Amino acid sequence: SPSHQLDQLMYEERHLRYISPLGKGNFGSVELCRYDPLGDNTGELIAVKKLQPNKQSNLKEFQKEINTIRSLHCDYIVKYRGVCYSMGRLSMSLVMEYLPYGSLIGYLEKNRLHVNYRRMLLFASQICKGLEYLQSMRYVHRDLAARNILVASDTLVKIADFGLTKIIPFDKEYYRVAHPGESPIFWYAPESITESKFSHKSDVWSFGVVLHELFSYCEHNSNPKRLYMQEIGSDMQAPSISMHLIDILKNNWRLPAPPHCPTKVILFPQPPAWFNQIPFACCNIHTLLSLTGLRYDDEVLGIRH
Ligand SMILES: CCS(=O)(=O)N1CC(CC#N)(n2cc(-c3nc(Nc4ccc(C(=O)OC(C)(C)C)cc4)nc4[nH]ccc34)cn2)C1
């Protein structure tokens, strides 16, 4: 059983068998591999994150990401397994547990018909608890989005991808980044867009957007980016998009309630609060849990954790 999985921390490249690509990002990519020291295909399946070869400049960032994920021990966060040094290329890879069902987006698109309200709330409360754990460690994830939530089983999802995660300094409430880079502004809280400030509250804002994605079954035409762009004018060009986005947010425009979203989740406590992410951005996870009625629904629905 997985619990007897020997806690490998060092993986030898010569026993790594590449199987298929799992995901790709700006600087890295994740591959499905089998670690097969016996050479008889009985080895474990693992997810291996490598830096894009020509992006060695991000080695320092990559090492920070490895240190981050290595320090996290939570059922709702993807598990670190170890590292693999490939001396030839003087580079290293991050070895993580392989989550067989892939990203939440693909899972909901494929399994839309039998993922009901009850399971949505279970997934939402698990992401919430993963975020609560991150906050207890003074981490801000900074890239919370359905694309970065992985599905371990039909009843378990986990937060993944700690490439942008930062630790909030002990004497401050937020982390300010120097250069926003290619930022996913449609998941960003207003203060992250205008002042590059990231905090537990801005992660809670992004969690609000993830809830919208979740209750929209990650449907393509309910994608937050698409809905925001429709509102600000889809022919808007890059530099002024964030300015228009801030404008509509300041005028209290919010993502529309997803179609068929259960009234209890929207009406509890009242329509605007669920999608009016401002309260989300000024409350902590516990308040959010009660705000969105997750705990309330858990009891009502008898979802046991
Ligand atoms: C951002 C830079 S990034 O490159 O570092 N990168 C992208 C990232 C986004 C996030 N999160 N990512 C993580 C995984 C991942 N996937 C998995 N399992 C699966 C299982 C099945 C499938 C699948 O069916 O896929 C197809 C394409 C539909 C066939 C996909 C993934 N297990 C994992 N364990 C640890 C990580 C990890 C994939 N993409 C992080």
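The first residue in the sequence is number 1, and the count goes up from there. Note that this is a predicted model, so its numbers are computed, not measured. Each ligand, and each atom within it, is numbered from 1 in the order the structure gives.
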Polar contact flag, side-chain donor to acceptor under 3.5 angstrom, [X]-[Y]:
{"X": "R70", "Y": "N67", "result": "yes"}
{"X": "Y133", "Y": "D75", "result": "no"}
{"X": "S91", "Y": "S86", "result": "yes"}
{"X": "S93", "Y": "Y85", "result": "no"}

Q: Scan W205, Y228, F198 and name whichever one has a ring pair (Phe, Tyr, Trp, His ring centres under 6.0 Å) with Y188.
A: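 The passing option is F198.
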Hydrophobic cluster membership, with links at side-chain heavy-atom distances under 4.5 Å among I/L/V/M/F/W/Y: are [X] and [Y] in one?
{"X": "V151", "Y": "L22", "answer": "no"}
{"X": "L9", "Y": "L94", "answer": "yes"}
{"X": "I232", "Y": "I193", "answer": "yes"}

Q) Which atoms form the tightest heavy-atom contact between K79 and C74, and what is the distance? A) NZ-O, 3.7 Å
Q: Can you see which heavy atom on A152 is nearest to which on K158, and at what distance?
A: CB-CE, 4.2 Å
Going by the atom numbers of ligand 1, which of them fall below 4.0 Å from some non-hydrogen atom of [X]?
{"X": "G102", "value": "19 (C), 20 (C), 21 (C), 22 (C), 30 (C), 31 (C)"}
{"X": "V78", "value": "34 (N), 35 (C)"}
{"X": "A160", "value": "11 (N)"}
{"X": "M96", "value": "35 (C), 36 (C)"}

In terms of residue, atom name and distance, what is the protein heavy atom nearest to [atom]?
{"atom": "atom 19 (C) of ligand 1", "answer": "L99 O, 3.3 Å"}
{"atom": "atom 39 (N) of ligand 1", "answer": "G23 CA, 3.4 Å"}
{"atom": "atom 2 (C) of ligand 1", "answer": "G25 CA, 3.5 Å"}
{"atom": "atom 5 (O) of ligand 1", "answer": "K49 NZ, 2.7 Å"}
{"atom": "atom 34 (N) of ligand 1", "answer": "E97 O, 2.8 Å"}
{"atom": "atom 9 (C) of ligand 1", "answer": "N148 OD1, 3.5 Å"}
{"atom": "atom 13 (C) of ligand 1", "answer": "V30 CG2, 3.9 Å"}
{"atom": "atom 15 (C) of ligand 1", "answer": "L150 CD1, 3.6 Å"}

Q.
Angle between ring planes, Y11 versus Y35, binned at 30° and 60°: parallel, tilted or perpendicular?
A.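 Plane angle over 60°, so perpendicular.
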Counting heavy atoms only, which part of [X] comes closer than 4.0 Å to ligand 1: side chain, backbone, both or neither?
{"X": "I149", "answer": "neither"}
{"X": "S29", "answer": "backbone"}
{"X": "P100", "answer": "backbone"}

Q. Is there a protein heavy atom at a distance of less than 4.0 Å from atom 24 (O) of ligand 1?
A.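 Not a single protein heavy atom is under 4.0 Å away.
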Q) Within 4.0 Å of atom 29 (C) of ligand 1 (strictly less), any protein heavy atom? A) no
(Q) For ligand 1 and K110, I'd like to know whether there is a polar contact (N/O to N/O, distance under 3.5 Å). (A)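 Checking ligand 1 against K110, no N or O pair falls under 3.5 Å apart.
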**Q.** G28 to ligand 1, any heavy atom closer than 4.0 Å
**A.** yes
Q | Sub-4.0 Å heavy-atom contact, G106 with ligand 1 | A |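 Distance cut 4.0 Å: G106 fails for ligand 1.
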(Q) Is the distance from the ring center of F62 to that of F27 below 6.0 Å? (A) no
Q | Option with minimal heavy-atom separation from atom 1 (C) of ligand 1, where the choices are I46, D161, I159, L22 | A | D161
